[in-house]
Amino acid sequence: MHFHEKPNTYVTNVEIKVSDLQRSLTFYQEIIGFKILQQESHKATLTADGETALLTIVQPETVEEKLSMTTGLYHFALLLPTRHDLANIITHFHEKGVYLGASDHAVSEALYLNDPDHNGIEIYTDRPESEWTWHNDHVHMVTEPLNIRSILEDGHGNWNGLPVGTVMGHIHLSVSNLAEAEQFYTKGLGYDIVTRYGSQALFISTGRYHHHIGLNTWHSENAPKLGQNHVGLKTFSLRLDNEKQAATMKENLRVMGSPVTEIDGGFQTEDPAGNVVLLKF
């Protein structure tokens, strides 16, 4: 999984707001297979390997349901190490009666579901990089039915929670204006465009991954940003490579008029749709 190592700028942690912390903890442990790394009264950090924080869930003091049309989280995506891990979690979901969506994207095989607050989740495995098709700098991606039977043939039915090698594969964001989002992430943060879906979706990455970030306006064109107490995305974190890269990003963002705030271990900014991005070493 070299796409999720330096020098790539990849997602390390996603922080979401939920309406009931205990209900969410039950779901994320029993259904998704996370372990609790750290827990406070209104906040918990979740891990797959017992060391690395992948997901943080927060219950605001005053919590409001998400409005139907806002910017924010479309889904976060957990990347499993192997295809047999995907087979095992399919069997686990079946046993738990979990309702799923499923797609073959040519570069990956993916499952889709929602948490109790309708935060979107993707769980996927990548096909070998040698099987990806590139047309110049654009990778070929599709949305086709997933061959569940073929995947299950790779499994052994033994699901013991998220495997140790699980990483936050990517994040997919709902934005209000795709052109503004493109400018922010490519000119501001240095991402490359790797594929477009018409005029409403864009996939970007570093190091020729199929995407570290997805951006779309399917349900959010010209929509307001998510409220501070609404369930949904609070922040997401990206890994910085070095001080020179950080300085370049900060300068680019300031020139664009985007906010830049120093934080422990890096800096914080906000995309034009109001999604808060933490950039850390």
Side-chain angles (χ1 to χ4, degrees), residues 1-12 14 74-87 101-112 120-148 150-151 154 165-175 177-218 236-242 244-245 248-249 252 271 275 277 279:
M1 295 191 183
H2 64 94
F3 297 112
H4 300 88
E5 298 173 353
K6 290 183 177 188
N8 293 310
T9 309
Y10 57 96
V11 184
T12 56
V14 174
Y74 190 69
H75 62 245
F76 64 83
L78 298 168
L79 173 58
L80 304 181
T82 69
R83 199 172 191 245
H84 79 249
D85 295 318
L86 190 66
S103 294
D104 185 332
H105 295 303
V107 294
S108 63
E109 296 174 298
L111 310 174
Y112 295 93
I121 304 166
E122 176 182 345
I123 297 176
Y124 74 111
T125 51
D126 280 333
R127 282 211 165 88
E129 190 181 348
S130 59
E131 296 180 12
W132 302 358
T133 302
W134 288 85
H135 303 288
N136 297 318
D137 292 326
H138 282 207
V139 68
H140 176 69
M141 290 174 63
V142 296
T143 300
E144 304 284 356
L146 187 64
N147 189 339
I148 299 282
S150 168
I151 295 169
D154 275 0
T166 302
V167 299
M168 188 63 73
H170 63 266
I171 191 168
H172 196 144
L173 301 169
S174 294
V175 298
N177 182 300
L178 199 62
E180 290 179 358
E182 177 179 337
Q183 185 83 357
F184 175 88
Y185 286 100
T186 59
K187 301 288 192 268
L189 299 186
Y191 279 90
D192 300 314
I193 298 165
V194 287
T195 201
R196 292 181 188 273
Y197 275 25
S199 61
Q200 291 188 307
L202 182 66
F203 296 85
I204 59 178
S205 76
T206 56
R208 284 174 74 85
Y209 189 47
H210 56 71
H211 64 297
H212 287 113
I213 300 176
L215 304 161
N216 79 68
T217 57
W218 293 325
F236 69 97
S237 299
L238 298 172
R239 176 74 74 226
L240 288 167
D241 184 28
N242 56 55
K244 183 180 178 183
Q245 178 202 36
T248 300
M249 284 182 178
N252 292 341
D271 77 8
N275 299 306
V277 191
L279 293 110

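These numbers were taken from a predicted model, which means no experiment stands behind them. The chain is numbered in sequence order, starting from 1.
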If we ignore angles and hydrogens, is there a donor and acceptor under 3.5 Å between the side chains of Tyr209 and Asp126? yes
Has the side chain of [X] got a donor or acceptor atom that lies under 3.5 Å from a matching backbone atom of [Y]?
X: Tyr191; Y: Thr9; result: yes
X: Asn8; Y: His2; result: yes
X: Arg239; Y: Glu5; result: no
X: Glu131; Y: Arg127; result: no
X: Thr195; Y: Phe203; result: no

Determine whether [X] and [Y] make a side-chain contact, defined as any pair of heavy atoms from C-beta on separated by less than 4.5 Å.
X: Leu238; Y: Val11; value: yes
X: Ile151; Y: Arg83; value: yes
X: Asn147; Y: Asp104; value: no
X: Val139; Y: Val107; value: yes
X: Val14; Y: Ile171; value: yes
X: Leu189; Y: Met249; value: yes

Using a cut-off of 6.0 Å, state whether more than 12 heavy atoms not belonging to Lys6 lie near its atom NZ. yes
I'd like to know whether Glu182 forms a side chain to side chain contact (heavy atoms under 4.5 Å, CB included) with Arg196, so could you lay out the CA-CA distance, the side-chain angles of the two residues, the decisive distance to 0.1 Å, and finally the verdict. CA-CA 11 Å; Glu182 177 179 337; Arg196 292 181 188 273; 3.1 Å; yes
Which value, rounded to the nearest 0.5 Å, describes the distance between [X] atom [atom1] and [Y] atom [atom2]?
X: Asn216; Y: Ser174; atom1: CG; atom2: OG; value: 5.0 Å
X: Ser103; Y: Met141; atom1: OG; atom2: CE; value: 10.0 Å
X: Leu279; Y: Gln245; atom1: CG; atom2: CD; value: 8.0 Å
X: Arg208; Y: Trp134; atom1: CZ; atom2: CH2; value: 4.5 Å
X: Leu146; Y: His105; atom1: CG; atom2: NE2; value: 8.5 Å
X: Leu80; Y: Ile123; atom1: CG; atom2: CD1; value: 6.5 Å

Where [X] and [Y] come nearest, the two heavy atoms and their spacing:
X: Asn275; Y: Val175; result: ND2-CG1, 4.1 Å
X: Glu122; Y: Ala110; result: OE2-CB, 3.3 Å
X: Leu178; Y: Ser199; result: CD2-O, 3.4 Å
X: Asp241; Y: Pro7; result: OD2-CB, 3.3 Å

Pair Thr166, Asp85 - check side chain to side chain contact (heavy atoms under 4.5 Å, CB included), show working. CA-CA 10 Å; Thr166 302; Asp85 295 318; over 6 Å; no
Angle between ring planes, His135 versus His140, binned at 30° and 60°: parallel, tilted or perpendicular? perpendicular
Which class fits the ring pair His210 and Tyr124: parallel under 30°, tilted 30 to 60°, perpendicular over 60°? perpendicular
In this structure, is the centre-to-centre distance between the rings of Phe3 and His212 below 6.0 Å? no
Where do Met168 and Leu78 land on the side chain to side chain contact (heavy atoms under 4.5 Å, CB included) test, with the steps shown first? CA-CA 5 Å; Met168 188 63 73; Leu78 298 168; 4.0 Å; yes
How far apart are the C-alpha atoms of Tyr185 and Leu173, what are their side-chain angles, what is the distance that settles it, and do they pass the side chain to side chain contact (heavy atoms under 4.5 Å, CB included) test? CA-CA 12 Å; Tyr185 286 100; Leu173 301 169; 3.3 Å; yes
